[in-house]
Amino acid sequence: MEQMERATMIARLWEWGSALDDCERRRHEIYRLQQQAIDANQFGAKGIASFAPRCASVGDPTGKAVVMKEQSLERINVLIDEINAVMARKAEIDVLVSMLPEAQQRLLNMRYVQGMQISDQIPKALHADRRTVYRWHDAILSKLLLKMSHNVP
């Protein structure tokens, strides 16, 4: 297995393991931006009703509220696209991982989802020698790379 392929697979596994947390952070950001857009919309509506003759530029508060709302909505669309992309990549790895034996799935879960250290925490949890766990990990990476190269979904 080439170092570059191995590094790429490890990066994908880290992304896979943190996908749900990453999406949850984005969902919180979407919620914040939605609130910001609502607040800007309410301010803009009040400003338009009371200051309509003077609202000619983006420098005024009402214009700024409109721009803030538009920027919030644009950022929400970007975040939604990012969530969809992260979840699509997670689904690809989910399929590959589901094809592995349960023990190998457990090792990947411990490492990439729970963030346990492969040098001491995982060997202790699996009651195995550190070198053995490294060997297992390398074998799993090789197996995943092989499945990916054969375009297994």
Grab the two heavy atoms, one from [X] and one from [Y], that are nearest each other, plus how far apart they are.
{"X": "P101", "Y": "K143", "result": "CD-NZ, 4.0 Å"}
{"X": "Q117", "Y": "R111", "result": "CA-NH1, 3.8 Å"}
{"X": "P123", "Y": "D129", "result": "CB-C, 4.3 Å"}
{"X": "K90", "Y": "A19", "result": "CD-CB, 3.6 Å"}
{"X": "Q105", "Y": "S98", "result": "NE2-O, 3.4 Å"}
{"X": "Q36", "Y": "S72", "result": "NE2-OG, 3.0 Å"}

Close side-chain approach of [X] to [Y], heavy-atom, < 4.5 Å:
{"X": "L144", "Y": "R12", "result": "no"}
{"X": "I93", "Y": "E15", "result": "no"}
{"X": "D120", "Y": "R130", "result": "no"}
{"X": "I38", "Y": "Q35", "result": "yes"}
{"X": "L73", "Y": "I76", "result": "yes"}
{"X": "L33", "Y": "Q71", "result": "no"}
{"X": "V97", "Y": "D94", "result": "no"}
{"X": "Y134", "Y": "S119", "result": "yes"}

Distance in Å, [X] [atom1] paired with [Y] [atom2], rounded so as to fall on 0.5 Å steps:
{"X": "I30", "Y": "I80", "atom1": "CD1", "atom2": "CD1", "result": "4.5 Å"}
{"X": "L145", "Y": "M9", "atom1": "CG", "atom2": "CE", "result": "4.0 Å"}
{"X": "L100", "Y": "L108", "atom1": "CG", "atom2": "CG", "result": "6.0 Å"}
{"X": "E5", "Y": "L146", "atom1": "CD", "atom2": "CG", "result": "10.5 Å"}
{"X": "I118", "Y": "M110", "atom1": "CD1", "atom2": "CE", "result": "10.5 Å"}
{"X": "I122", "Y": "H137", "atom1": "CD1", "atom2": "NE2", "result": "7.5 Å"}

Within one Ile-Leu-Val-Met-Phe-Trp-Tyr cluster: L20 and W14, side-chain cutoff 4.5 Å = no

key: Single-linkage hydrophobic cluster, 4.5 Å side-chain cutoff, M116 and W136 together   = yes

message = Regarding E92 and R89, does a basic nitrogen lie under 4.0 Å from an acidic carboxylate oxygen?
response = no

query = Could R26 and E29 be called an ion pair, given the rule that one side-chain N must be under 4.0 Å from one carboxylate O?
reply = no

task = Evaluate whether atom NZ of K69 has more than 12 neighbouring non-hydrogen atoms of other residues, nucleotides or ligands under 6.0 angstrom away.
result = no

